[in-house]
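These notes are about the structure you will find just below.
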Number of protein chains: 2
Amino acid sequence: MAVTIKDVARLAGVSASSVCRTLADPGAVLPGTREQVEKAVRELGYYPNRAARGLSTGRTGNLGVVLPDLANPFFASVVKAAQTQARRLDYAVFLSDIDEDPAVETMLIRALAKQVDGFLLCSPRSSDDELRAFAGHTPIVLLNRRIGPFPSVTVDAADGMRQALTHLHALGHRRVAYVAGPRSSWSNRERLRGLRSVAGTLGVDLVEVGNVPPTVEGGVSIADVVLASTVTAVLAYNDLTALGLLNRFHARSVAVPGDISVIGFDGILLSALVSPALTTIAVEMDRIGRVGVDLLLETMTDPGRTPIRRVLPAQLIVRASTGPARPS
Amino acid sequence: MAVTIKDVARLAGVSASSVCRTLADPGAVLPGTREQVEKAVRELGYYPNRAARGLSTGRTGNLGVVLPDLANPFFASVVKAAQTQARRLDYAVFLSDIDEDPAVETMLIRALAKQVDGFLLCSPRSSDDELRAFAGHTPIVLLNRRIGPFPSVTVDAADGMRQALTHLHALGHRRVAYVAGPRSSWSNRERLRGLRSVAGTLGVDLVEVGNVPPTVEGGVSIADVVLASTVTAVLAYNDLTALGLLNRFHARSVAVPGDISVIGFDGILLSALVSPALTTIAVEMDRIGRVGVDLLLETMTDPGRTPIRRVLPAQLIVRASTGPARPS
DNA sequence: AGTCAGTCTGGAACCGTTTCCAGAAGATTG
DNA sequence: CAATCTTCTGGAAACGGTTCCAGACTGACT
């Protein structure tokens, strides 16, 4: 059925070894044989079986990308960029959406481990120990999480939060809510940590509500709690949650930013399209994916090196969802 | 480094064949050996190498999913559902985003063909002939495209368009624009076809503008052309394009639906969140992905059967972006 | 006790590719 | 012209599994 290297060898009148050599390094073979082989390859439409190649070389040419939720445009953008970069470097991508379930994450990583040369783990929900266990077998790069011995790509959330809270403070806000994302999310802890620190510095009261799922529904479900907390502004774990807040506020005729200001996180396309347009802390989503792949490939070629931990900047984008604090 | 079946065999004091048998069919082996093997598997944390297994069995346990643009929430939802269903049936998913480029599509399919048991092609941009050529090697299921001999999952776009145009007609609209998507898109042709037919029946003037990329930017870029065409309503190829229109209309202070009504297609989450909330022709995105995987697996197990072509319903969701026609 | 069927097992071949090794040419040198 | 060195080639082993085949053992039946 499928055409193999032997078919090519037979048609070209050479051995399989020579076909292999021609493909790997055309210079290592006489011009005559090379032509024969190339002709046969064209005629049969031969494409090497990468799985079989992986068996002998130990390199599969595959990367695994694991993420919590593809329906979140943030992850979609990251994985799109990762995929594109991987293809450019001649790698194929295994995709696993774990639906926010750490157990699924563990299972999938184990099942896929032998089929990939490395993993890109986006916002992994597993424990540090579990991650260390995986890393024993396969190189991994963490996105949106920074722990001990792993290469990682993260965002300077503390600085983003500083920009956001400074912005709110300048507008007169003194009591601000943070809608927390998943408890198992490192980003969530990091954002909260940065926020607490700068809130202390600026003398802003910080009210923490949540945790909620990092989705629109999560935002909708917590909106009334936010309103009940008598704040004049709210920072959401991410844009989706912020959009949920906006939606519920609108339904309850709470004016944004008249009654309450709202800030998101991520800078997904959508945030610019709603109205009021969402003020948000934007990150370079494609760069996260692209740099993640680059880092992973470096880690694969040189596993011994000290892990690189890239921290990308966050940038507050002021739009229409923030305004002066309502006098209390 | 990695633990193989031989390591397990050695530790359990049996042959590799017995380990294999234990894993494939525990009943085919004496309870004693089974215990030994299972103990060894646990102790070593053995996981079979699926690529190697694929070599001997001819089944890889992988599916390939190819799509034009992961940044489009429609495709993200479809592939998420497909991935989930695939995992449930113990398949892993290769993901390829081709960035709307037919050449990339062809290349990727060929490169991946040997590593997957079948392909799910979402809105493939290749020509019919190319698709037929692929199908010779590997089972494929088409999503959002219906041609000759292939199993497919599509949406009843004509009926969706009928609902939408009837809705507009009832509101008094007699001159309506359609913003066309990519020329290579089957869905686009299909939507246009349905629209023309029902426009004829209802006596509605149909103005076709475009083609534009199926993105927000596409919508933004064509908005002024739409306005210049003196229509009272516009149907967009998809929700993203419609959102682009809304955005540009807002920027030019064109009231929606006061001056012009807007209808999208797909029913992505985002369409409900913008304001005015978008009237749209919604399709069951996860069902497309799920049914696609089911169909693909059926095709794989029984390649000879007559291809099933599932057509899923489309449902007009009336929201705030449509209203009575402005008297001309 | 001897035959037979039925279970269970290990060895070997195979999947498609790469890579090592040895050998056969051809080119180069003394 | 023989000896050496290169260059190129085919055969064989290996990668990690699966599966066929034949043999060893068990137990039942005559």
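Every chain is numbered from 1 and lettered A, B, ... according to where its sequence line falls, protein lines coming before strand lines.
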Item to check | A/Phe134: partners by ring-ring contact (aromatic ring centres under 6.0 Å, His included), with sequence neighbours left out | outcome: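 Not a single residue meets the ring-ring contact (aromatic ring centres under 6.0 Å, His included) criterion with A/Phe134.
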Checklist entry - Taking 4.0 angstrom as the limit, do A/Asp128 and A/Arg145 come out as a salt bridge? => result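 A salt bridge is present here (some side-chain N lies under 4.0 Å from a carboxylate O).
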Item to check | Pairs involving residues 51-78 of chain A, ordered by first then second residue, that meet salt bridge (Lys or Arg N to Asp or Glu O under 4.0 Å) (sequence neighbours left out) | outcome: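 Only A/Asp69-B/Lys80 qualify under salt bridge (Lys or Arg N to Asp or Glu O under 4.0 Å).
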Would you tabulate the pairs of protein nitrogen or oxygen atoms and nucleotide nitrogen or oxygen atoms of nucleotides 13-16 of chain D closer than 3.5 angstrom?
unit_1 : atom_1 : unit_2  : atom_2 : d
D/dC15 : O2     : A/Ser56 : N      : 3.3
D/dG16 : N2     : B/Ala52 : O      : 3.2

How many angstroms lie between [atom1] in [X] and [atom2] in [Y], if you round to the nearest 0.5 Å?
{"X": "B/Leu112", "Y": "B/Met107", "atom1": "CG", "atom2": "CE", "value": "10.5 Å"}
{"X": "A/Met285", "Y": "A/Asp266", "atom1": "CE", "atom2": "CG", "value": "7.0 Å"}
{"X": "A/Leu70", "Y": "B/Leu70", "atom1": "CG", "atom2": "CG", "value": "5.0 Å"}

Item to check | Main-chain N/O of A/Ala103 paired to A/Asp101 side chain as donor or acceptor, under 3.5 Å | outcome: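 Side chain of A/Asp101 to backbone of A/Ala103, a donor-acceptor pair under 3.5 Å: yes, one is there.
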Checklist entry - Can you tell me if B/Asn72 uses its side chain to pair, donor with acceptor, with the backbone of B/Phe74 under 3.5 Å? => result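 Present.
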Shorter than 3.5 Å, N or O on both sides, protein versus nucleotides 24-26 of chain C: list them out with atom names.
none

Next on the checklist: Let me test you: for the helix from C/dA1-D/dT30 to C/dG30-D/dC1, what is the angle between the axes at its two ends (five pairs each), rounded to 10 degrees?
Outcome noted: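 The end axes of the helix from C/dA1-D/dT30 to C/dG30-D/dC1 are about 60° apart, to the nearest 10°.
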Show the distances under 3.5 angstrom between N or O atoms of the protein and N or O atoms of nucleotides 8-12 of chain C.
unit_1 : atom_1 : unit_2  : atom_2 : d
C/dT9  : OP1    : B/Thr33 : OG1    : 2.6
C/dT9  : OP2    : B/Leu30 : N      : 3.4
C/dG10 : OP2    : B/Ser15 : N      : 3.2
C/dG10 : OP2    : B/Ser15 : OG     : 3.1
C/dG10 : OP2    : B/Ser18 : OG     : 2.6
C/dG10 : N7     : B/Arg21 : NH2    : 2.9
C/dG10 : O6     : B/Arg21 : NH1    : 3.3
C/dG11 : N7     : B/Ser17 : OG     : 3.3
C/dG11 : O6     : B/Ser17 : OG     : 3.1

[X] versus [Y]: any side-chain heavy-atom pair under 4.5 Å?
{"X": "A/Tyr46", "Y": "A/Leu23", "result": "yes"}
{"X": "B/Arg146", "Y": "B/Val311", "result": "yes"}
{"X": "A/Ile5", "Y": "A/Pro48", "result": "no"}
{"X": "A/Leu121", "Y": "A/Leu131", "result": "yes"}

Next on the checklist: Checking side-chain contact (heavy atoms from CB on, under 4.5 Å) between B/Phe94 and each of A/Leu95, A/Asn62, A/Val93, which is the one that passes?
Outcome noted: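 By the side-chain contact (heavy atoms from CB on, under 4.5 Å) criterion, B/Phe94 pairs with just one of A/Leu95, A/Asn62, A/Val93: A/Asn62.
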Next on the checklist: Nearest whole Å is fine: how far is C/dG16 P from A/Asp7 CG?
Outcome noted: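 One finds 8 Å between P of C/dG16 and CG of A/Asp7, rounded.
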Item to check | Atom pair distance, as rounded to whole Å: CG in A/Leu23 and P in C/dG16 | outcome: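 The answer, rounded to whole Å, is 16 Å.
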